[in-house]
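Have a look at the structure below, then the notes.
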Amino acid sequence: MTYESGLAIKVGQPAPYTPSQYATTSTFKSYVMLEVTITNGTRANFNPILLTETIQSGNLAATQIFDTGLSAPNQTMLLPGRSLAYKVGFGVKDPKDVVLQVSPGFTYTPTIFTS
């Protein structure tokens with residue numbers, strides 16, 4: 001999805017994920033990982049810390065997990081023309097039914113990605 005401002009967000013398909021022993025887990029028994037890529041096609045710096053992701057799976061809200069190999073957007077400003085990729089993980093009810101909502105910040109309309 002490319003926004004009017006020139007900011008673009010790409011989300012990979014959900015992939016099965018096995019949490020490590022150190023992961024925060026959820027009550028769900030299935031886990032998925034998604035790669036999110038932000039590309040700053042604007043003329044201004046973009047603060048990726050404002051970006052949020054939420055998932056619905058099987059009509060339930062998914063639970064984000066934190067683990068080694070998974071990350072969140074960092075606080076380093078994304079300069080014009082640069083991209084940032086990171087991986088997020090979620091505990092889900094049904095890994096084949098994933099609806100991801102991504103919002104780059106308060107002034108953007110959220111975008112929906114489905115599996």
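Bear in mind that the values here come from a model prediction, so they are computed numbers and not experimental data.
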[atom1] of [X] to [atom2] of [Y]: how many Å apart, nearest 0.5 Å?
| X | Y | atom1 | atom2 | result |
| --- | --- | --- | --- | --- |
| Ile38 | Phe46 | CD1 | CZ | 5.5 Å |
| Leu79 | Thr42 | CG | OG1 | 10.0 Å |
| Gln101 | Thr52 | CD | OG1 | 7.0 Å |
| Thr27 | Lys93 | OG1 | NZ | 11.0 Å |

Within a strict 4.5 Å, meaning less than it, do heavy atoms of the [X] and [Y] side chains meet?
| X | Y | result |
| --- | --- | --- |
| Thr24 | Phe66 | yes |
| Leu51 | Ile9 | yes |
| Ser5 | Tyr108 | yes |
| Leu84 | Thr76 | no |
| Tyr17 | Leu70 | yes |
| Gln13 | Ser115 | yes |
| Val102 | Phe113 | yes |
| Ser83 | Asn40 | no |

Can you name the closest pair of heavy atoms from Leu34 and Gly12 and give their distance?
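Shortest heavy-atom separation between Leu34 and Gly12 comes out as CD2-O, 3.6 Å.
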Might you point out which heavy atoms bring Thr18 and Asp67 nearest each other, and give the distance in Å?
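Nearest heavy atoms, Thr18 then Asp67: O-OD2, 4.5 Å.
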Any link between Val36 and Val98 through a network of hydrophobic side chains (Ile, Leu, Val, Met, Phe, Trp, Tyr) touching at under 4.5 Å?
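Result: yes, single cluster for both.
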Hey, any chance Tyr31 and Val11 share a hydrophobic cluster, counting ILVMFWY side chains that come within less than 4.5 Å of each other, even indirectly?
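No, separate clusters.
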For Pro95, run the side chain to side chain contact (heavy atoms under 4.5 Å, CB included) check against Ser30, Pro16, Pro14 and tell me which one passes.
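Passing option: Ser30.
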Among Ile55, Thr54, Thr114, Val32, side chain to side chain contact (heavy atoms under 4.5 Å, CB included) partner for Leu100
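Only one option passes, and that is Ile55.
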Side-chain H-bond candidate by donor/acceptor type, Tyr3 with Thr111, under 3.5 Å
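Short answer, yes.
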Main chain of Ala62, side chain of Ser57: is a donor-acceptor contact present, judged purely on distance under 3.5 Å?
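Such a contact is absent between Ser57 side chain and Ala62 backbone.
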